[in-house]
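For reference, the structure is listed below as structure tokens.
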Amino acid sequence: MNSSRPEIVCGSLCHLPETKAIVPRLASDYPRPQLQRSTWLNLNGLWKFAYDDEGKCTSPLDILQWDRTIEVPFAPESTKSGIGDTGFHPNCWYDREFELTKGEDRVLLHFGAVDYCARVWVNGQFVAVHEGGHTPFTIDITAVLNENGVQRVTLWAQDDPQDLAKPRGKQDWQLETHSIWYPRTSGIWQTVWLERVGKTYIDRICWTPHFERWEIGFEAFIAGQQNDIQVNIKLSVGDQLLVNDRYDVFNGELHRRIALSDPGIDDYRNELLWSPEKPTLIDAHIQLWDKNCQLLDEVRSYTAMRTVGIQRDRFMLNGRPYYLRLVLDQGYWSDTLMTAPSNEALRRDVELVKAMGFNGVRKHQKIEDPRFLYWADVLGLLVWEEMPSAYRFTPKAVERITREWTEVIKRDASHPCIVVWVPFNESWGVPNLVETAAHRNYVLALYHLTKTLDPTRLVISNDGWESTDTDIIAIHDYDNKPQRLYKRYGQDVKLADLFDRQRPGGRVLTLDGYPHHGQPVMLTEFGGIAYARPLDNLAVDKTWGYVRSADISELQLRYEALLGAVNKIEMFSGFCYTQLTDTFQEANGLLYSDRTPKFPIEAIAEATKGEEEDVFPGTIKTGWAQADPIQSLPH
């Protein structure tokens, strides 16, 4: 990866013998886990690099001097990139040569993510523009390849560091990081790669499980030849073949529901259900054939049989009530920012979350690398996926977020780990929901657009407060007193009183005209207990947290007391604790920024899960706790 000359990387097996999951094959750094081909060309590594702060350059010919090198895919603000410059730089340029022989096949150039607007040239010829800092784009560069095999790709990334009308999430618009915002991420921050495909190939696939009928929805979109082609699909779990079907393609598309046959009273299909406790994945082998029985394309993928929904006031997984224990995950690393240091680091984060007693994460203000979702699929971790916010309400902001959010759902809809979509957080970008109809209409529009694009998952329109239409009432409450939290939401509280009287963050929970109509209620941000170790050299006045602990013992006591209270509140169908790791000046993680637990991970898990006991029939892992906190609570 550190070489300036790429080499072909072959797909290899990546097994996890210590888990019970059936692991689909994945090359160690393969950037697109759900549509894998056997060979690919990784263009990560050293690229030439230049800033153009005055915006004088509009083509590669304008760059008179490439005065730096950068290690892709790490953003220039990160130390790992070799640049480490966190100043304001609205234009950055990338360039590299690679060797690739031109043949009869087509060649696709993929960018995992470039923040924010990317323009691309290949061998000096302009080939594409893409806007949106969190989603991938692909370019067919076959027509511009050189015959001699030496190829050159150049990219111009435009990223106005102070533009508040673009989806930027936790990227700070001030020169120095402040409060809960972090260093900016400009330019390339996910893998750049190539692959060869035939003249006709599988461009995109989508999986949709239908648990109630034991069917798996499959969609394929074909590029190239449109007629007289077929798709062959094999589905298997381990050595057990489930399906071996062939379908005709019409107008370049295939839409089918694949039924898993009922074997009778001894129904093995129940063993196929995916959950955090038993993350069974179904391996898929997909081939594209023409009428002459010539193989046109071949890919590997995977799916799972699982369903999510709500039944009255409970979140449902596979038709049974399921209590959610989530942790807020910012997805940052000290040296690499939004880019994970390695594939192993992504896997390790999933393992740590599960070891701490959580069954899911709320990925906060970030669209994560698909390889994180792969490990969540494989190891069994629920994911709430949340759109990074803009911080101004303008027509341009509305257009940008709507377009990029649509691309996000298109990219990630096949991952079984994702159970909830969250287009807005805490009214960021729509600050006047109570007073302004346009703000309310925008939130409503994205809620219903999301439900249209993916009717199989839950949608939280605005996580935290001021809900309109929503599938879950999500509450943010950082009161650090366990007794007060319990009094506010505990057994003596009526729901009507909750919505009429409580104002966490000074905001109403639901807007007028959108009363609570029985949806699950969850505490989706709370905690924020800060502790910074002296060796981290964080100035006390710049360390962020909702409440500070003087030492580790106090942090542990506070966490145990707070979780003891929250786990007792039967009104809640789940919670999300803030947060997983320390993130720059935010010192309220359960882990330090290097992923070291602040107190024993077994103690974290015990407090997170509480005492596991069912409080109503059919509950899966409810874990309504009865542990005593520091202050005794009413029973």
Side-chain angles (χ1 to χ4, degrees), residues 24 32-37 108 135-136 138 140 197-237 241-262 269 272-274 281-291 293-309 370 373 377 385 403 405-419 421 448-459:
R32 191 185 55 200
Q34 287 196 302
L35 185 62
Q36 307 171 36
R37 292 187 172 92
L108 305 180
T135 51
T138 298
D140 186 336
V197 295
K199 294 179 181 179
T200 300
Y201 61 93
I202 300 168
D203 181 50
R204 183 169 67 91
I205 61 174
C206 182
W207 300 102
T208 307
H210 298 281
F211 167 66
E212 68 282 357
R213 294 176 59 89
W214 288 103
E215 294 175 343
I216 296 175
F218 175 73
E219 297 177 280
F221 301 87
I222 311 302
Q225 178 183 342
Q226 301 290 308
N227 300 314
D228 297 322
I229 53 177
Q230 294 181 320
V231 171
N232 196 90
I233 305 171
K234 289 183 180 180
L235 299 180
S236 59
V237 175
L241 181 65
L242 303 178
V243 170
N244 186 5
D245 290 345
R246 183 169 292 204
Y247 304 103
D248 290 329
V249 175
F250 296 98
N251 299 318
E253 296 183 7
L254 175 67
H255 304 271
R256 290 290 183 272
R257 284 198 178 193
I258 304 170
L260 303 180
S261 299
D262 185 354
R269 296 177 303 180
L272 299 180
L273 294 179
W274 184 97
L281 294 177
I282 300 171
D283 197 21
H285 180 201
I286 305 164
Q287 295 177 319
L288 187 64
W289 296 85
D290 70 6
K291 63 180 180 180
C293 295
Q294 179 182 356
L295 182 63
L296 303 175
D297 196 11
E298 184 173 21
V299 299
R300 294 279 182 175
S301 184
Y302 66 88
T303 183
M305 180 59 73
R306 72 102 189 87
T307 187
V308 296
L373 300 177
D377 291 337
E385 187 152 314
R403 179 181 60 247
W405 184 234
T406 301
E407 293 180 357
V408 166
I409 296 171
K410 180 179 177 180
R411 191 197 79 168
D412 292 341
S414 293
H415 285 281
C417 65
I418 296 176
V419 294
W421 302 111
H448 289 288
L449 174 64
T450 306
K451 298 290 284 187
T452 300
L453 295 174
D454 181 8
T456 71
R457 290 181 173 89
L458 306 180
V459 180

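Sequence positions, counted from 1, serve as the residue numbers for this chain.
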Output yes when a side-chain donor or acceptor of [X] lies under 3.5 Å from a complementary backbone atom of [Y], and no otherwise.
X	Y	result
Arg457	Ile418	yes
Gln34	Tyr302	yes
Asp377	Cys417	yes
Asp140	Leu108	no

Can the positive tip of Arg256 be found less than 6.0 Å from the middle of the six-membered ring of Phe218, inside 45° of the ring normal?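 No, Arg256 does not lie over the aromatic ring of Phe218.
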
I want to check something: taking the side chain as every heavy atom from C-beta on, are [X] and [Y] in contact at a cut-off of under 4.5 Å?
X	Y	answer
Met305	Phe211	yes
Val419	Glu385	no
Ile222	Asp203	no
Arg37	Val197	yes
Arg411	Pro136	yes
His255	Phe221	yes
Val243	Leu260	yes
Asp283	Arg300	yes

Give, for atom [atom1] of [X] and atom [atom2] of [Y], the distance between the pair rounded to the nearest 0.5 Å.
X	Y	atom1	atom2	value
Leu235	Leu242	CG	CG	6.5 Å
Asp412	Glu407	CG	CD	11.5 Å
Asn232	Ile286	CG	CD1	10.0 Å
Arg306	Leu273	CZ	CG	11.0 Å
Leu35	Cys206	CG	SG	12.0 Å
His210	Glu212	NE2	CD	7.0 Å

Quick check on Lys451: does its NZ atom have over 12 non-hydrogen neighbours (other residues, nucleotides or ligands) under 6.0 Å away?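 It does: Lys451 NZ has more than 12 such atoms within range.
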
Decide if atom CG of Asn251 counts as having more than 12 heavy atoms of other residues, nucleotides or ligands within a radius under 6.0 Å.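 Count not over threshold, so no.
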
Trp421: partners by side-chain hydrogen bond (donor to acceptor under 3.5 Å, both in side chains), with sequence neighbours left out: Asp454

Which residues share a side-chain hydrogen bond (donor to acceptor under 3.5 Å, both in side chains) with Gln287, sequence neighbours left out: Trp289, Glu298

